[in-house]
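Sequence lines set the chain letters: A, B, ... in the order given, protein chains first and strands last, and positions in each chain run from 1. Everything numeric in this text was worked out from a predicted model, so none of it was measured.
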Number of protein chains: 2
Amino acid sequence: MLELAVLGLLKQKAMHGYELKKQLAEELGFFRQFSYGSLYPTLKRLALEEAVEMEYARGETPRRKNVYRITPRGEAAFATLLEESGAEATESREAFMLRLAFFRYMNPETRRRLLEGRRGYLQERLAKLRESLKRLRERMDSYSVQLMNHRVDDTEHDLRWLDDLLERERRLGAEPALPTRPAAEGS
Amino acid sequence: MLELAVLGLLKQKAMHGYELKKQLAEELGFFRQFSYGSLYPTLKRLALEEAVEMEYARGETPRRKNVYRITPRGEAAFATLLEESGAEATESREAFMLRLAFFRYMNPETRRRLLEGRRGYLQERLAKLRESLKRLRERMDSYSVQLMNHRVDDTEHDLRWLDDLLERERRLGAEPALPTRPAAEGS
DNA sequence: GTTAGCATGTAAGGAGTTACATGATTTT
DNA sequence: AAAATCATGTAACTCCTTACATGCTAAC
């Protein structure tokens with residue numbers, strides 16, 4: 001997750017770790033916080049894999065603000081991570097939403113696959129939820145009933161939203177993915 | 001999390017691991033799935049700590065259905081875990097909801113503390129979310145805008161729900177916590 | 001009799017957190 | 001000159017998952 005988020009953010013703009021952490025909590029702001037204890041090692045690892053590299057801007061020495069820039073290899077890795085989104089991306093709210101934040105980089109089929117995958121998952125869960133509610137309502141305390149009902153509402157709300165997104169996707173048709181290398185040549 | 005959930009489920013009824021796993025996905029159904037690879041070791045550890053113990057019902061040999069029962073020590077541990085719910089319980093949706101599923105075991109002050117803690121957290125996040133949206137709207141692609149807007153709606157929805165729960169709590173006043181040892185003596 | 005589901009476990013690994021440690025730069 | 005916040009990192013640990021390994025029992 002962190003790796004995907006980092007690559008996606010660096011795709012927009014070169015940044016150093018500290019800045020990245022703030023963006024993770026802001027640009028993807030809704031999104032969860034990661035600690036430095038995972039962020040810096042991740043950057044280091046990505047650098048080792050040559051998915052990112054350091055930018056020594058304005059003669060600044062390293063190890064006092066390490067500005068990282070994504071490399072072509074990193075772009076490829078990012079694209080692969082997005083395209084290969086599996087079960088996690090449909091079953092985990094966070095994983096799904098992270099992908100959604102990077103929808104502009106996906107091709108239309110992948111977008112649809114993810115949206116429908118998530119929708120299917122939520123529909124299934126909604127059915128199970130309702131079944132549980134029906135079967136257990138009598139035996140449950142009022143807090144649990146409240147919780148279950150809220151879950152149902154929440155899931156329905158999410159489903160309407162997904163339907164909306166799918167509808168838009170259909171209407172706007174094949175909005176192409178942004179290129180891997182955005183606007184490489186001048187102006 | 002798993003430990004809390006297991007103790008809470010065993011409080012209702014003695015169960016073996018396999019059964020527990022199904023209940024985790026059903027009674028707390030909405031709730032996340034845990035794998036056997038974490039469930040069985042957790043039961044083992046709890047048994048070692050004497051928070052749970054095996055029930056050798058009807059002369060059944062162990063190691064073919066291990067039915068676990070919560071002990072007084074386990075009840076105490078469960079109560080402590082609930083009462084000491086810290087930041088995680090207000091900042092993580094899942095952690096919060098798990099507590100809510102066990103609200104009947106808490107005393108009214110703890111319930112209120114948790115509900116208001118969660119509300120405060122969501123209010124703060126909502127403010128940040130709106131600020132981000134305002135500041136970044138122009139620079140965001142339409143998917144990110146959709147995502148942010150949905151987050152805002154979602155958070156508002158959650159806040160209304162929390163207000164509702166708090167209101168109920170006030171109206172129904174001091175619904176006492178269920179005892180640590182439920183209905184110990186007969187009928 | 002063979003497939004599906006019940007039932008339990010271990011070992012290795014993944015993906016993060018917390019706590020610790022350090023020091024520069026900016027603001028008050 | 002003190003305090004805040006910017007900035008980077010490591011080591012130990014937590015909590016979970018995946019993959020593996022085993023065997024019973026019920027249904028078809």
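Direction change of the helix axis from one end of the helix from dG1(C)-dC28(D) to dT28(C)-dA1(D) to the other is 30°, with five pairs defining each end axis (rounded to 10°).
Put simply, Lys44(B) has no side-chain N or O that comes within less than 4.0 Å of OP1 or OP2 on dT8(C). Considering only side-chain N and O atoms, Ser38(A) lies nowhere under 4.0 angstrom from the phosphate OP1 or OP2 of dA15(C). Note on Tyr18(A): a side-chain N or O is less than 4.0 Å away from OP1 or OP2 of dC6(D).
Picking from dG9(D), dG9(C), dT17(D) the nucleotide with the shortest atom distance to the side chain of Tyr36(A) gives dG9(D). Listed nucleotides dG9(D), dT8(C), dG9(C) differ in distance to His16(B); the shortest reach to its side chain belongs to dT8(C). The nucleotide whose nearest atom lies closest to any side-chain atom of Ser35(A) is, among dG16(C), dT18(C), dT8(C), dT18(C).
Residue contacts shown for Gly37(A) include a base, since a base heavy atom lies under 4.0 Å away. Residue contacts for Phe34(A): at a heavy-atom cut-off of 4.0 Å it reaches the sugar-phosphate backbone alone, with no base atom in range. At the heavy-atom level, Gln33(A) lies under 4.0 Å from the strands shown only through sugar-phosphate atoms. The residue Glu3(B) sits apart from the nucleic acid: no heavy atom pair falls under 4.0 Å.
Look at CG on Leu98(A): it is 14 Å from C1' on dA15(C), rounded to the nearest Å. Here dG9(D) presents its P atom at 15 Å from CZ of Arg45(A), a figure rounded to the nearest Å. Rounded to whole Å, atom P of dG9(D) lies 13 Å from atom CG of Leu46(A). Between the C1' atom of dG9(D) and the CG atom of Leu39(A) lies a distance of 11 Å, rounded to the nearest Å. In this entry the distance linking CG of Asn66(A) with P of dG9(D) reads 5 Å, nearest Å. Between the NZ atom of Lys65(A) and the P atom of dT25(C) there is a distance of 10 Å, given to the nearest Å. Across the protein-nucleic acid pair, Lys22(A) atom NZ and dT5(D) atom P stand 11 Å apart, rounded to whole Å.
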(Q) Working note: Leu162(B) + Arg118(B), criterion side chain to side chain contact (heavy atoms under 4.5 Å, CB included); need CA distance, chi angles, decisive distance, verdict. (A) CA-CA 8 Å; Leu162(B) 286 175; Arg118(B) 179 78 180 156; 3.6 Å; yes
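Scanning all heavy atoms of the two residues, the minimum distance from Tyr18(A) to Tyr40(A) falls at N-OH, 3.5 Å.
Within the structure, no pair that satisfies the salt bridge (Lys or Arg N to Asp or Glu O under 4.0 Å) test touches residues 77-92 of chain B, not counting sequence neighbours.
Counting heavy atoms from C-beta outward, Arg151(A) and Arg125(A) have side chains that approach closer than 4.5 Å.
Note that Lys11(B) lies in the cation-pi zone of Tyr105(B), set by a 6.0 Å cut-off to the ring centre and a 45° limit from the axis.
With sequence neighbours left out, Gln33(B) forms a side chain to side chain contact (heavy atoms under 4.5 Å, CB included) with Lys21(B), Ala25(B).
The backbone N or O of Leu129(A) sits nowhere less than 3.5 Å from a side-chain atom of Ser132(A) that would complete a donor-acceptor pair.
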